[in-house]
Amino acid sequence: MAVVLPPRRLRAVYRRLHARYGPQHWWPARTPFEVIVGAVLTQNTAWSNVERAIANLEAAGALTPEALLALPLPELAALLRPSGYFNVKAGRLRAVCHWYVAAGGHGRLRRWSGGRLRTALLGLYGVGPETADDILLYAFDRPVFVIDAYTRRLFARLGLIVGDEPYAALGAAFEQALGADAPLFNEYHALIVRLAKEACRPRPRCAGCCLRRLCPSAV
DNA sequence: TACCAGGAGAAAA
DNA sequence: TTTTCTCATGGT
């Protein structure tokens with residue numbers, strides 16, 4: 001199923017979001033490895049809960065792949081508890097860390113092609129297309145457009161997509177329309193998330209806000 | 001109390 | 001091949 005998106009409208013949406021919210025400086029992490037950890041932990045989970053789990057990892061000195069792998073699985077799961085699905089995510093994080101360390105860490109991985117990186121990530125337990133693209137874009141600066149629930153909701157609301165298109169078709173459509181531009185994709189996705197979070201906050205005047213047409217909560 | 005949140009994998013149909 | 005179920009905490 002091929003999806004075609006109008007480049008001018010996509011850029012117009014971006015300009016409006018950027019004008020309203022400004023640069024977001026994403027991903028909210030200090031190291032590429034922390035991006036990877038956050039990408040796994042945020043699966044179907046509010047970011048506020050992910051922050052608690054990352055704080056636990058940091059307090060335990062486990063925010064490096066080697067330190068994380070040294071933790072017994074039950075102990076790791078206990079640290080991840082606030083992020084939900086903690087038993088599942090503990091196993092997923094360990095799988096990613098095993099690969100990360102075996103591959104030689106960020107220094108070596110950053111020299112891999114985007115295609116090779118994506119194939120490797122998708123082969124890992126617990127890494128699906130969205131998590132892989134989060135990692136590719138925000139940990140490795142590769143030009144992939146992340147398709148998450150917010151993105152589907154927003155562009156379906158704008159009438160540009162239906163919303164249930166296959167992940168790969170939507171990703172390809174955004175990348176085709178906007179061109180391979182990692183800094184743009186970085187900022188665009190961050191702005192979509194910012195909009196969604198803003199829209200989800202109770203605001204008495206939300207119904208009249210200038211971005212009502214972009215507001216997922218107004219759907 | 002009930003529902004939802006930045007998915008993914010396994011099992012069932 | 002597609003759909004459904006499971007994993008789980010914290011905020012509203």
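Computed from a prediction, not measured in an experiment: that's the story for all the values here. In what follows, every chain begins at residue 1, and chains take the letters A, B, ... in the order their sequences are listed.
The CG-C1' distance, from A:Asn44 to B:dG9, rounds to 13 Å in whole Å. Here the C1' atom of nucleotide B:dC4 and the CH2 atom of A:Trp47 are 18 Å apart, to the nearest Å. One atom, CD of A:Gln43, and another, P of B:dG9, lie 8 Å apart when rounded to the nearest Å. A:Arg81 places its CZ atom 14 Å from the P atom of C:dC7, with the value rounded to the nearest Å. If you take CD of A:Glu130 and C1' of B:dG9, they are 15 Å apart, rounded to a whole angstrom. The CG-C1' distance, from A:Asn49 to C:dC7, rounds to 15 Å in whole Å. Between A:Lys89 atom NZ and C:dT6 atom C1' the separation is 13 Å, expressed in whole Å. In this structure, A:Arg152 places its CZ atom 14 Å from P of B:dA5, rounding to the nearest Å.
Candidate nucleotides B:dA8, C:dA8, B:dG9 were compared by shortest atom distance to the side chain of A:Tyr125, and B:dG9 ranks first. In this structure, the nucleotide among C:dT9, B:dG7, B:dA5 sitting nearest to the side chain of A:Arg153 is B:dA5. You'll find that the side chain of A:Arg92 is closest to B:dG7, out of B:dA5, C:dG11, B:dG7. Taking every side-chain heavy atom of A:Phe86 into account, C:dT9 is the closest of C:dT9, B:dG7, C:dG11.
Salt bridge A:Arg194/A:Glu187: absent, no basic N to carboxylate O contact under 4.0 Å. For A:Arg152 and A:Asp164, the salt-bridge test fails: no basic side-chain N is under 4.0 Å from an acidic carboxylate O.
Backbone-only contact: A:Val88 has heavy atoms under 4.0 Å from sugar-phosphate atoms and none from a base. Counting non-hydrogen atoms under 4.0 angstrom, A:Val127 reaches the backbone sugars and phosphates but no base. Among the protein residues, A:Leu124 comes within range of the sugar-phosphate backbone only, with heavy atoms under 4.0 Å from sugar or phosphate atoms but none that close to a base. Heavy atoms of A:Asp134 sit under 4.0 angstrom from at least one base atom. Within the 4.0 angstrom heavy-atom criterion, only backbone atoms of the sugar-phosphate kind lie near A:Thr131; the bases stay farther away.
For A:Asn186, there are no side-chain hydrogen bond (donor to acceptor under 3.5 Å, both in side chains) partners two or more places apart in sequence or in a different chain.
Side chain to side chain, A:Asp148 and A:Thr151 meet the donor-acceptor criterion of an N or O pair below 3.5 Å.
B:dA11 and C:dA8 have their P atoms separated by 16 Å, given to the nearest Å.
A 4.5 Å side-chain heavy-atom check between A:Ser83 and A:Lys89 finds at least one atom pair inside the cut-off.
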